[in-house]
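Step one of this worksheet: look at the structure below.
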Amino acid sequence: MLIALLTDFGLSDPFVGLMKAVILTRRPDATIVDLAHGIAPQDVRQAAFALMHSLDYFAEKTLFVCVVDPGVGSDRRILWARGTRHQFIAPDNGLLSWVEEREKIHELRSVTNRKLFRDPVSPVFHGRDIVAPVAAALAGGAQPDTLGPRVPGMVRFPFPVPRKSRGTVKGEVLVFDRFGNAITNLRPGDLPRGARFKHKGKDLGRLRTHYAEARPGRALALTGSSGYIELSVRDGSFASQAEASVGDPVVVEPA
Amino acid sequence: MLIALLTDFGLSDPFVGLMKAVILTRRPDATIVDLAHGIAPQDVRQAAFALMHSLDYFAEKTLFVCVVDPGVGSDRRILWARGTRHQFIAPDNGLLSWVEEREKIHELRSVTNRKLFRDPVSPVFHGRDIVAPVAAALAGGAQPDTLGPRVPGMVRFPFPVPRKSRGTVKGEVLVFDRFGNAITNLRPGDLPRGARFKHKGKDLGRLRTHYAEARPGRALALTGSSGYIELSVRDGSFASQAEASVGDPVVVEPA
Amino acid sequence: MLIALLTDFGLSDPFVGLMKAVILTRRPDATIVDLAHGIAPQDVRQAAFALMHSLDYFAEKTLFVCVVDPGVGSDRRILWARGTRHQFIAPDNGLLSWVEEREKIHELRSVTNRKLFRDPVSPVFHGRDIVAPVAAALAGGAQPDTLGPRVPGMVRFPFPVPRKSRGTVKGEVLVFDRFGNAITNLRPGDLPRGARFKHKGKDLGRLRTHYAEARPGRALALTGSSGYIELSVRDGSFASQAEASVGDPVVVEPA
């Protein structure tokens, strides 16, 4: 069973290494993939997006272990979720909100069985003391009903759906990547043919298919690898060139 | 056998990749865990702390391969150490100083057997040319007495013990993590009940158990996942908000 | 078969994780080594250098999967190359230029067989949708002639050879590493005995063998772990102290 790790721990501290140590000490044969550890600290929304658009690339039954957890140590629950194709462990803070844009969640459990945890549990690092040993237990064949009771729902924040009005579509910047591309909530199917993109009043032209269609240093809109439309600068950073921020409106007007 | 890597190499250059290449080329079945590679360049003390508080989470006999090595190429030795539960390879520069806060070191050897090294040895990258092939040899069953002669001692710097005087406890900031938390040399057992924390004259209140006990943006003291007390800001960075530095005194006064 | 990944994706986004997901979903037994992911965005030259000086440390037949790809989605080709000791997949943008400083390339193919790709292929992430599944296919025993047709040549940029004139050797800064060392295109064999190094008019003295030969804070020249001469500052950063840039001339004058 593949275990994918998604955290905001970065790689300068031993946090990720300790989670792996706990998993591999219990299941030396586990295969762990680092999905990403550079989620901005405590940015649950960015993690939710990264998780959503990564699902399709992982083998069936992959266990996604997600720790972006500003509420660690409080009474927020830790959830285990079974989706149509994958399974998940994550704090109940909205991180799993957008999984259902890709696959249905069929079963939700609150992870409460302390026999599976490390002892003692640090109130500030449930990733190491609860999530990692539970992941190891699942990798070792533990049945989901040993984790804790079923629960009817979880914290969700809605996916920001683009608004349409008289042919104009209004989206927004969801998140940035390392290259400074601004990923929006817009997909090609949301747009009228030939539409033009505007960000902060600046016309970015029509949807392109790849970076080399623009001249170096010029901004463009194209469909990113996540399936969502990105605002980019060829051989540059849209984030810095356009002084763009998360939440910026992106307006698409008919040709 | 698990091999844990701890370095200050970062991940932008191929240094860590080359150490893994050397290990996996010789032992394709080795399981390597990245404990951390973001130790501040040449900060032996930060590495010593990361190593110390990570030990308990790794399987018995794990080999910790530690390369934070400002003296590379000089006549500083490379050590192999056998502790009660784990084993270690590291330059003899104090990196193993605090291991004995957690487990006794029973045997120390100077790694001198050039037959185990790569040839030639770069004077500036012993990690790749000495440490990695020796780690591979140990993973392949090499006996410790083939590494080199026993040595009686190693470079150590003492763990900074908090000072107590008339009920007041004086500690200090040891290191920072990615979230800007300031990790101190204080443990809960060092403190009088109900004590209040002061940093740079500012009162941080009593010891809390988790971040959500403070309001967003407010500083607090809690027991970190390392077992040592950390100064934090809820949903923020203590390092930047309090302009804190390594070595800052942290004063704990009785209630 | 060892698979080595070299990209400019960084580790904050899921790009590397998705490439691994695609490989491991198809070949759960693959052994993947992260050579480096911190190549500066779109810096093909830095990647070419990292690849070149890393080759000797990897097992025979290692597959180097290299994705630094500013032309993604355009009509630049993706190449598979068979060298004397290793094999390679990379965009045809010069990334493989310097491999032949270390081993001969015997066979070049344009990777065109869409049956091996993911479907659909994102025009902005060939790493995930073309390179990763082709790497998995090769790891699974696919024959090179199934990848696509042989091609006679590839994009190359020449290695910047130092110029010599009347005993003076003129080299340049090729790239920087995390520690701020400036790696040059000079090798010890290029230099007259006892020669002195100059950067921006400042005399850096003779070639040393290790950092501890200089006093803390002082600049020096030594042979780096890549085999090329580096300009360094003991316990400091040459890049910032000397305000050095890629391309800076480095002049070596006879004693």
Side-chain angles (χ1 to χ4, degrees), chain A residues 1-6 8-12 16 29 31-40 43 46-47 49-62 64 175-181 183 208-213 216 220 222-227 229-230 232 234-237, chain C residues 3 5 7-34 36-44 67-76 91 93 117-133 136 178:
Chain A
M1 193 179 71
L2 211 51
I3 297 176
L5 298 186
L6 176 66
D8 63 348
F9 291 156
L11 292 165
S12 41
V16 172
D29 55 333
T31 300
I32 300 173
V33 177
D34 297 298
L35 178 51
H37 297 296
I39 299 296
D43 191 339
Q46 189 190 354
F49 182 73
L51 178 62
M52 173 185 78
H53 78 75
S54 296
L55 293 177
D56 292 351
Y57 302 93
F58 281 85
E60 297 235 345
K61 299 196 192 300
T62 294
F64 288 89
V175 67
F176 293 92
D177 70 15
R178 156 178 168 89
F179 299 93
N181 298 312
I183 304 170
R208 320 294 174 82
T209 63
H210 57 276
Y211 302 114
E213 280 183 274
L220 72 160
L222 44 63
T223 307
S225 61
S226 63
I229 288 165
E230 302 179 7
S232 303
R234 180 172 172 198
D235 299 343
S237 162
Chain C
I3 298 176
L5 298 186
T7 78
D8 64 347
F9 291 155
L11 291 165
S12 40
D13 301 297
F15 302 130
V16 172
L18 289 172
M19 289 187 63
K20 291 180 180 174
V22 169
I23 294 171
L24 289 169
T25 292
R26 291 160 183 243
R27 304 297 314 170
D29 55 334
T31 300
I32 300 174
V33 177
D34 297 297
H37 298 295
I39 299 296
Q42 307 175 341
D43 191 338
V44 175
V67 188
V68 177
D69 193 11
V72 63
S74 69
D75 58 2
R76 68 94 189 80
N93 60 13
F117 304 170
R118 279 186 59 89
D119 180 23
V121 168
S122 162
V124 293
F125 196 3
H126 287 183
R128 180 191 66 194
D129 295 337
I130 298 180
V131 172
R178 157 178 168 89

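Keep in mind it's a predicted model, so treat the numbers as computed, not measured. Numbers restart at 1 for each chain; the letters A, B, ... are given by sequence-line order, proteins then strands.
- Each side chain to side chain donor-acceptor pair (under 3.5 Å) pair with one or both residues in residues 16-34 of chain C, not counting sequence neighbours, appears once here: C:Lys20-C:Asp34, C:Asp34-C:His37.
- Contact annotation for A:Ser232: neither backbone nor side-chain heavy atoms come within less than 4.5 Å of a heavy atom of chain C.
- When every heavy atom of A:Asp235 is checked against every heavy atom of C:Pro70, the shortest pair comes out as OD1-CB, 4.1 Å.
- If you tally non-hydrogen atom pairs under 4.5 Å between each of C:Leu11, C:Val22, C:Asp8 and chain A, the highest count goes to C:Asp8.
- Interface check for chain A: of the options C:Gly10, C:Pro120, C:Ser122, C:Pro14, the most heavy-atom pairs under 4.5 Å are formed by C:Pro14.
- Of all the listed residues (A:Ala212, A:Ala4, A:Ser54), the one sharing the greatest number of non-hydrogen pairs under 4.5 Å with chain C is A:Ser54.
- Proximity to chain C (any heavy atom under 4.5 Å) is shown, for A:Leu5, by neither the backbone nor the side chain.
- Between C:Phe9 and A:Phe179, the ring planes are perpendicular. Angles over 60° get that label, and only those under 30° would be called parallel.
- For C:Arg118, the salt bridge (Lys or Arg N to Asp or Glu O under 4.0 Å) partners at least two apart in sequence or on another chain are C:Asp129.
- At a 4.5 Å heavy-atom cutoff, the contact between A:Leu35 and chain C is made by backbone and side-chain atoms alike.
- With rounding to the nearest 0.5 Å, the separation of CG in A:Asn181 from CG in C:Asp13 is 9.0 Å.
- Between chain C and the residues A:Ser237, A:Ser225, A:Gly227, the most heavy-atom pairs under 4.5 angstrom are made by A:Ser225.
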